[in-house]
Structures are given as structure tokens and as C-alpha cells.
Amino acid sequence: MVEKTFLGFPRKSGRPGTRNHLLVLGINGLVATGAARVAAALPGSRLVATPYGRGQFGADKKCHFRQLVGIGANANNGAVLIIGVDRSSADEVANGIAARSPVLVETVTLDDTHEDALALAELGIRAGSRLAREISRARRQPVSVSELYVGLECGHSDASSGLAANPLAGALADRLVDAGGTAVIGETIEWLGAEHALRHRGAKPEIGEAIVLAVAAREAAVTAAGVDLLGNNPGAENIRGGLSTIEEKSLGAVAKAGSRPISGLLPFAGPPDHAGLYLMDGPSFSPESMTGFVASGTQMILFTTGPGNSYCSLLAPTIKISANPTARERLESQIDFDASSVFQARETLDAAADRLFAEVIGIASGTLTWGEAVGEGAECFTRIGASL
């Protein structure tokens, strides 16, 4: 590894941003359309609008709040405009964001306009334009790679994923952790069959035990619902790509975790409290899993795939990696990093990892991913319970 810094947007405290978004955050399904109306009038802004926000209770409500606050507090946001229904809930989310991040925050609600949705849009556009102008003053500066927090995801995996792309992502994670940075992998059900290998990598014994319990709890929940994992995970596209069992898929998936000790098991969307390698207990569906990473604070995501997978995060630049030679040829303008040289033994894993690290630094410094260049990207809230 040569690179020690990247060009990021320093924040008053916490991690620097790899981007400087104005986020329009609709915190309630009742104002999702209003939030979209505001975002449409603010060029370059990013819209995240939850379809939920009322009728949730217990652990599901807490998880939803954690996602809203975490998405707003992500370092890639220079400012956040909250669009809400009532003043109380908007202030609660704003205060939660402020407790985690010094990001600029303004709120507008239907309470402020006596339920007038068009007046809400006008207020939002005025507030958003002020924020957009303010964050335009920010300039990129050299910051240490130790400030990077990267999520590691896989989707539409095939045999090339476990043999090359995921080990490559793991080698990148090792390099980042060695440099003082932070990495996280999720998708709990894809540790099934590999949890005992992960258990022994816990920095403390209780971390290893928590990993095993998390897998058992998710497997039990699936079984209790009468779902047979066979045919679901691995899915049809995985089986076509050469994977036969969830255990085989898991052993390839956890290769993304590299080889360094595991510093902790994060709750879904929970932030780490210090640098290192983490696991996040969460769903394996990539849109939900990656949103958990973003809410946790990741400024970038490495997404390995076999035959291709077009999904990207809206807020965290998503680097697509494939070691499948035909996928790289078919998807030349969608795959950001070609790892087929590793799969075909034309390049060592170490050499490819150095090359990937340089690509990560370049994109952290402002180079667009293919997903950003074509406008791909979304965030997807997860639910863990029923509504009232």
C-alpha cells in the first residue's frame, strides 16, 4: 500500500466525507411526496424518503429511528433538510443526527404550514437552497485513510465470487484495518456454516459467542416462519453460477472479512465505537444490508458480484467488483474493478489488492463510480416487526 491519504471533505468532528451531499430526508411516509417535490427543485440533492414512520412500535420503531438518524449523520452529507409531518418527531430526528454529527440540519414540517403541502414545498425549497449554497463552500483536503469506513457487500454471487472477488475484498479490508481504518460485513444468514470460523476471530470471546448466537437466532426465525433455505439461499442465480449450498456460499461470503480480528458485532445500522473490523447483524438482501452500512457511517461500499448486480447505494459510492471474465466484458460500463485476472491466475491477490486500494483512494477523492455516473442509487429501510 502506498497511499496514506485521500482528498475528502473534513467535518468539524468525526470522519470526513467522500462526497458532500445535500440530503433531503423525508422522515414520514405522509410527506414522502412532499420531500420528493422539494428534492426535485434542488439540483444535485439526494432524496431519501421513508414510506413508514407511524404505527411502528418496540424494536422495529427503534431500528427505524436508528436508520433515519444514521442516514442523516453519514459523513457524506454536508447538510440535511428534514421534511416531516409534526414538529416533535422532526426535532427528535434532528437532535439524534446532531448528537452523532456536526452536519448542518434544517427542518420543515406540515405543522409549520397548517397542513398545507404546497406551502411545505416552498419552505423546503427555500431552506434547501440555503443549505446547498452553504455546503458549496466546502473544499476537498488531504485526510488520512485511517478515517475511511468501508462496507463490504456481495450480491448475485457465483463461483468466482468466493474464489477471487470476495478474498480480494478481504485483502482490501486487511489493508484498511492495518492503516487504522474500519470495515464491516453484514448479511447474517450468509455466515451460516461459517460462523464457527468467525467465532475464533473475535477480539474477545464474547464477540465470537455473539456472532454464533446471531446466526442461530436468524436461522431459528427463518425456520419458525416455515421457510426452507434450500432454493432461497443460495438462490437460483447462485446455483446457476456454481454454488450448491448455503454453507458453500457462506464460506465464500465471509472471505470479504479478510483475516484481522473482529472488533465487535454491530446491531443493524449501529455505528462502531472505534476503528477495526466489524460484523453487522442484518438482512442479506443487498438494498437493506447496504442501507444498514450507510446508517452505520460507511463512506464507501465495495460490492462484489459474479454475473453482475446493478444496485448501488445513493449516499455511499459503491465500487462494483467482479472476477467473472464474461461479466466484465458484458458490463464494461457497470463493473468498476475487474478482478478476473485473479480468478484466471494472471495476477496475484496481493497485486490486485494494491490496485484495488488505489481505486478506492481515487473514488474516495472524487472519481465517480459507474453507478454515480449513470445516476443509479437508492436507500432501502428494513422492517423487523408488524405495524399497529
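No donor-acceptor pair under 3.5 Å is formed between the side chain of Asn77 and the backbone N or O of Ala79. The backbone N or O of Val80 lies less than 3.5 Å from no partner atom in the side chain of Glu106, so there is not a single donor-acceptor pair. Although no hydrogens or angles enter the test, the distance criterion places no donor-acceptor pair under 3.5 Å between the side chain of Arg46 and the main chain of Ala378. Asn76 contributes no side-chain N or O that, together with a main-chain N or O of Gly17, makes up a donor-acceptor pair within less than 3.5 Å. Under the 3.5 Å distance criterion, the side-chain polar atoms of Lys256 are left unmatched by any main-chain donor or acceptor of Gly162. Thr50 contributes no side-chain N or O that, together with a main-chain N or O of Ile27, makes up a donor-acceptor pair within less than 3.5 Å. Under the 3.5 Å distance criterion, the side-chain polar atoms of Lys320 are matched with a main-chain donor or acceptor of Asn309. Put simply, the side chain of Asp338 never gets that close to the backbone of Arg328: no donor and acceptor are under 3.5 Å apart. Checked by atom type and distance alone, the side chain of Ser322 pairs as donor or acceptor with a backbone atom of Thr305 at under 3.5 Å.
The ring-ring contact (aromatic ring centres under 6.0 Å, His included) search around His21 returns none, not counting sequence neighbours. For Tyr278, the ring-ring contact (aromatic ring centres under 6.0 Å, His included) partners two or more places apart in sequence, or in a different chain, are His274. Partners of Phe65 according to the ring-ring contact (aromatic ring centres under 6.0 Å, His included) rule, which considers only residues two or more places apart in sequence or in another chain, do not exist here. Shown here are the side chain to side chain contact (heavy atoms under 4.5 Å, CB included) partners of Ala138, two or more places apart in sequence or in another chain: Phe9, Asn20. With sequence neighbours left out, Arg383 forms a salt bridge (Lys or Arg N to Asp or Glu O under 4.0 Å) with Asp60. Among residues two or more places apart in sequence or in another chain, the side chain to side chain contact (heavy atoms under 4.5 Å, CB included) test is passed with Gln334 by Ser310, Leu331. Partners of Glu288 according to the side chain to side chain contact (heavy atoms under 4.5 Å, CB included) rule, which considers only residues two or more places apart in sequence or in another chain, are Pro283, Phe285, Cys380, Thr382. A search for side chain to side chain contact (heavy atoms under 4.5 Å, CB included) contacts involving Asp174 returns Ser259, Arg260, not counting sequence neighbours.
In this pair, His64 and Tyr52 present their aromatic rings perpendicular. The plane angle is above 60°, beyond the 30 to 60° band.
With hydrogens and angles left out, the side-chain atoms of Glu190 and Ser250 include no donor and acceptor closer than 3.5 Å. Side-chain contact annotation: Asp336 with Thr369, donor-acceptor N/O pair under 3.5 Å absent. Using modelled atom types and a 3.5 Å distance limit, the side chains of Arg87 and Thr107 yield a donor-acceptor pair. With no hydrogens or angles considered, a side-chain donor-acceptor pair links Asn238 and Lys249 at under 3.5 Å. Between the side chains of Thr326 and Asn324, at least one donor-acceptor pair of N or O atoms lies under 3.5 Å. Of the N and O atoms on the side chains of Glu347 and Ser341, at least one donor lies less than 3.5 Å from an acceptor on the other residue.
Ala127 and Val108 get closest at one heavy-atom pair: CB-CG1, 4.4 Å.
Sequence neighbours left out, not one pair with a member in residues 139-168 passes salt bridge (charged side-chain N to carboxylate O under 4.0 Å, His left out). Among residues at least two apart or in separate chains, there is no ring pair (Phe, Tyr, Trp, His ring centres under 6.0 Å) pair with a member in residues 73-94.
With side-chain heavy atoms closer than 4.5 Å counting as contact, directly or through intermediates, the hydrophobic cluster containing Phe343 also holds Leu163. Chaining together hydrophobic side chains whose heavy atoms lie under 4.5 Å apart leaves Leu213 on its own.
Side-chain heavy atoms closer than 4.5 Å link hydrophobic residues (I, L, V, M, F, W, Y) into clusters, and following such links, even through other members, never connects Val24 to Leu315. The hydrophobic clustering, which links ILVMFWY residues whose side-chain heavy atoms are closer than 4.5 Å, places Val48 and Phe293 together. Val360 and Tyr149 are not part of a single hydrophobic cluster, where members link through side-chain heavy atoms under 4.5 Å apart. The hydrophobic clustering, which links ILVMFWY residues whose side-chain heavy atoms are closer than 4.5 Å, places Val93 and Val105 together. Hydrophobic clustering of Ile, Leu, Val, Met, Phe, Trp and Tyr side chains at less than 4.5 Å, counting indirect connections, keeps Leu81 apart from Val103.
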Asp350 and Thr348: CA distance, side-chain angles, deciding distance, side chain to side chain donor-acceptor pair (under 3.5 Å) verdict: CA-CA 5 Å; Asp350 277 348; Thr348 66; 5.7 Å; no

Test log, rule side chain to side chain donor-acceptor pair (under 3.5 Å), inputs Gln56 and Ser387: CA-CA 5 Å; Gln56 293 173 254; Ser387 295; over 6 Å; no

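Within the model, atoms CG of Leu123 and OG1 of Thr113 stand 6.5 Å from one another, a figure rounded to the nearest 0.5 Å.
Between Glu122 and Arg126 there is a salt bridge, since a side-chain N of the basic residue sits under 4.0 Å from a carboxylate O of the acidic one.
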